[in-house]
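Here's the structure we're looking at; comments come further down.
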Amino acid sequence: MTDLAKAYDPSLVEDRIYADWLAKNYFHADANNSKPAYSIVIPPPNVTGVLTMGHVLNNTIQDVLIRHARLQGCETLWLPGTDHAGLATQTAVEKALRKPDELPKTVREVLESLDHVWDKDAGKPKMALTRYNIGREALLKLIWAWTKDRGGIIIQQLKKLGCSCDWERERFTMDTDYHKAVINAFIDLYNKGYIYRGKRMVNWCPASHTAISDEEVIPTPQKGKLYTMRYEVVELPGTFIEIATTRPETLMGDTAVAVNPNDERYQHLHGKHVWRPFPKAQIPIVADEHVDFEFGTGVLKVTPAHDKADFEIGKRHNLPVIDVLTPDAKINCPDVPELHGLDRFDARKKSAEMLQELNLLVKEDAYENNVGFSERGQVPIEPRLSEQWFLDYRKMLNGKMIPEALNMVLGKHIKFHPDRWEKVYSHWLENIQDWCISRQVYWGHRIPVWYKGAEVACQESSPGKGWEQDPDSMDTWASSWLWAYATMDDTTRKKFYPTSALVTGPDIIFLWVARMIMAGLEFNPANSEKLEDNIAFKDVYFTGLIRDRQGRKMSKSLGNSPDPLDLIAKYGADGLRFGLMRIAPQGLDIRFDEKQIEEGRNFCNKLWNACRFRAMQGDIDAHADPFSKQLTPYAAHILARLDEVILKVDEAFKKFEFSAVAGALYEFVWDDFCSRFLETAKADFADANSPTREGTLATIDYVLSKVLRLLHPFTPFISEEIWTEFGFGKNTIQFAPWPAVSGKTLDNSAVEQAQHTYVLIDASRRLRGEFQIALNKKLNFKLKRDTALSTSESALLPSLIGAETLTIISQALEKTPVAITPLGDLYMPLEGLIDLDKERERLEKELAKAQANLERENKKLQNSTMLAKAPAEKVAEWQALKADAEAQITKLSEQLKSLK
RNA sequence: GGAGCUUUAGCUUAGUGGUAGAGCGUCCGCUUCACACGCGGAAGGUCACUGGUUCGAACCCAGUAAGCUCCACCA
């Protein structure tokens, strides 16, 4: 037996073990194997992204599921890959091109080879490096180079985390095969008549010059103004009607004003006209149900080109559509030179001034409303009329898509965990809008549609000379919705599709999860008549969000997200995984605190040292059978506890309750195994002639061999290291059988006594109720529940509750009719109001405590600045504690005030 | 406007009707030969609030408050 180090050092273990796993090809899934299949496809991260805490949570859960299934004897496939992330990646590269000197070498080389933009002699670009100057082909070359340079990063990081993906099957959404699948899906939907091209209002991002989907628009509260202006009625000179608007800069695009047909104030105006001030024109007054007569003045200016609702009104009343904005949201209206060419926000002020001059502005009110912001461009989106490609979900599956997609989830063919997300899913499906699948982005799968004059063809390659391809590409999600099957070849698909589980955040339930379900149903990847054979996955586990100590989302911009690689370096991948899993309850947000990861690391060290202790006692018996040996009561007890834990773990795994699994194992290892059992085992080891020594050793070996496997899904590295070090198996722990309960009945006084104790406690709890009923009967209380102790049960009372307790209770009953706890303590009901003096006293006590806390932290901080010794992380911790204390003081002071 | 989630010790939280638990932090004591990433001990809880159901509520029901999230609307 080799000596184990005093403290477990993951950095000496993890990389070596991972390399060994890869070398032995343990993660590769064999599609021809007869073992039951278990498969997961990774939610593909952005190809150029880096690992975040969200990824760590997400992928740890997937690895836990995969490793658990592998131990259970399944043939497991965890299919990894990355997403080209169209707009996001293109935006990132365009941004990087602004600083050519900081580009990665390989990208820079491509840039320097582009003669039309790169000045070789001057060693700098000839012009601003925008996508228009660079051009489609060249920009794509640059993005490919960028992707190749950055693309491996996140994959390497997943390996550091210990993910057991089948790297031979790694896919990218721009791979040739995958590209074909995406294009063919489009052509298929087009041929079936589900896809159409149409002029529709889309969310236009003026920064990135593309349409974006509703899901990518973030409503953001904005402080603005509500302008009330007045238009003169043409037919009634001198009569004005007042109109409220937040966007006077679009009034050149007004082609009507609208009132509610039931609004009595304006009924005499139906069919008449008003003067639009600039450019001056007569526009009709129309009556439309959409108008809310409570809002503003009850009159709405109708700008069909620049508002979704107005566009619909325009359609209903056959109004002309006048576009007065350029693609980058500048005013395009040569008839009004004062505004022409102005930015939309400057034009807003200017047009208000112009109305003022014409004496048509009644008032300006401060007003807060929600404005849709582009997720990528960080600017307000502009509703804009443009030619786009749409998918009509409702037509899919011969018009049955919506009910069938609902049925798959509500009928539990696909199970959501937690199931409350079913409601969100069905609400969205029931109110579904057509999907705008075209994007004005170069990076992505180009729309396979070709034009020649009025002719249109939908096919993979050009029909011939003179045909031009649609310049747009497809929404990223219109490629990733095929991820669950288009990543697999036929053989793989036969064995592993539908996939077993999907692990993802609820934020992409519409963007991705729902669409993957629909893609499975529509495209029949299982080649089966039965729809339920084509579901993309059987279980969906929705993770929570990771928040910081203050409860804020973790995000790059806030800088509150720790780098997972730093955490791995500090605590080990196992520590990070275990710490995170222990605090990640199903579907709830996680308030992240590094302390929790520290606990994970400490736990690994505890396990390591338990093994070290065992190693000191002599050789390990890999096939130890404690049941055939003489055992101490403690050994019998821990063996019984082990069975309990295995049952608990199996139960929790079935319900996807990973924190319950991790928690149960933590308690078992630390409290039962280390604190109780190993401490008592020391007696056996101190006495060389102890008759139970053999049994105790065997018990330790037996428990360890099982515990290591139970822990392996969470802490793969340390469990593998000890497993091989101790020789529990010739091979990796990964394919060892999942532990089952021993099934042995232990005839042992300790176990019996423990069980007896538990039974007594339980019985006394249950009996308490019945006992109390009996007591109340004696006191002539009116009982609603008609249960009483039988004679034999009553006879048992003294033995179960204890004669002494019974006496106390009887005595108490003489004095006052009160409720009684099982232990015989008297419980006095609170009478009347809270004692204000006592409450004040309590608050003052708490306040003093909080102030003391604050002082203590202040002192520490002061000392740390003076001595300049404390590490930065400690200082940060003290600052957090200080903030906590301050918050507490504010809260308490307020409570005290309200009392006085 | 609609829906969902959360509220337990200073902090992070466990707890599916029966004596309120853990880790961290704090305070006290220990370098005891597995582990100071540790061990032993202490202090610290009107379980957000109000009502209801119940012999009994942190837990079930109703309402209130605060915080978070999603959907819809937003002239």
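Worth knowing before you read on, the calculation uses all heavy atoms, side chains too, and leaves out hydrogens, waters and symmetry mates. Just so it is clear: chains get the letters A, B, ... in the order the sequence lines come, proteins before strands, and each one is counted from 1. The structure displayed is predicted, hence computed values, not measured ones.
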Problem - Selection from B/G38, B/C70, B/G25 that lies nearest to any side-chain heavy atom of A/Asn602 - result: B/G38

Fill in the blank from the handout: Rounded to whole Å, the CG-C1' distance (A/Asn605 to B/A36) equals 10 Å

Exercise for the section: Give A/His290 one of three labels, base, sugar-phosphate or nothing, depending on what nucleic acid heavy atoms sit under 4.0 Å from its own. Expected result: sugar-phosphate

Handout entry: Between B/U31 and B/A14 - C1' atom distance, rounded Å
Key = 33 Å

Exercise for the section: Grab the CE-P distance between A/Met581 and B/U12 for me, whole Å please. Expected result: 21 Å

Problem - For A/Glu657, salt bridge (Lys or Arg N to Asp or Glu O under 4.0 Å) partners two or more places apart - result: none

Completion exercise
Taken to the nearest whole Å, CD/A/Gln596 to C1'/B/A22 is 13 Å

Using a cutoff of under 3.5 Å, can you pull out all pairs of nitrogen or oxygen atoms linking the protein to nucleotides 30-34 of chain B, with atom names and distances?
from, atom 1, to, atom 2, distance (Å)
B/A34, O3', A/Arg612, NH1, 3.1
B/A34, O2', A/Asn609, OD1, 2.4
B/A34, O2', A/Arg612, NH1, 2.9
B/A34, N7, A/Lys682, NZ, 3.4
B/A34, N6, A/Glu679, OE2, 2.8
B/A34, N3, A/Asn609, O, 3.1
B/A34, N3, A/Ala610, N, 3.4

Handout entry: Lys NZ or Arg CZ of A/Lys606 over A/Tyr666 ring: under 6.0 Å, within 45°
Key = no

Handout entry: Minimum-distance nucleotide to A/Glu599 side chain [options: B/G4, B/C11, B/G23]
Key = B/G23

Fill in the blank from the handout: The salt bridge (Lys or Arg N to Asp or Glu O under 4.0 Å) partners of A/Arg276 (sequence neighbours excluded) come to none

Exercise for the section: Using only side-chain N and O atoms of A/Trp670, determine if any of them is under 4.0 Å from OP1 or OP2 of B/C39. Expected result: yes

Fill in the blank from the handout: Note on RNA chain B: ranges paired as stems (three or more Watson-Crick/G-U pairs in a row, both atom distances under 3.5 Å) are B:1-7 with B:65-71, B:10-13 with B:21-24, B:26-30 with B:38-42, B:48-52 with B:60-64

Exercise for the section: Verify the ring-centre separation between A/Phe416 and A/Trp421: is it less than 6.0 angstrom? Expected result: no

Practice task
Give a yes/no answer on whether the side chain of A/Arg591 brings an N or O atom under 4.0 Å of OP1 or OP2 in B/U12.
Solution key: yes

Hey, what are the protein-to-nucleotides 58-60 of chain B N/O distances that come in under 3.5 Å?
none

Fill in the blank from the handout: So the salt bridge (Lys or Arg N to Asp or Glu O under 4.0 Å) pairs with at least one residue in residues 301-310 of chain A (sequence neighbours excluded) are A/Asp214-A/Lys308, A/Asp254-A/Lys301

Problem - A/Arg601 side chain, from C-beta outward: closest of B/C71, B/C24, B/C37 - result: B/C37

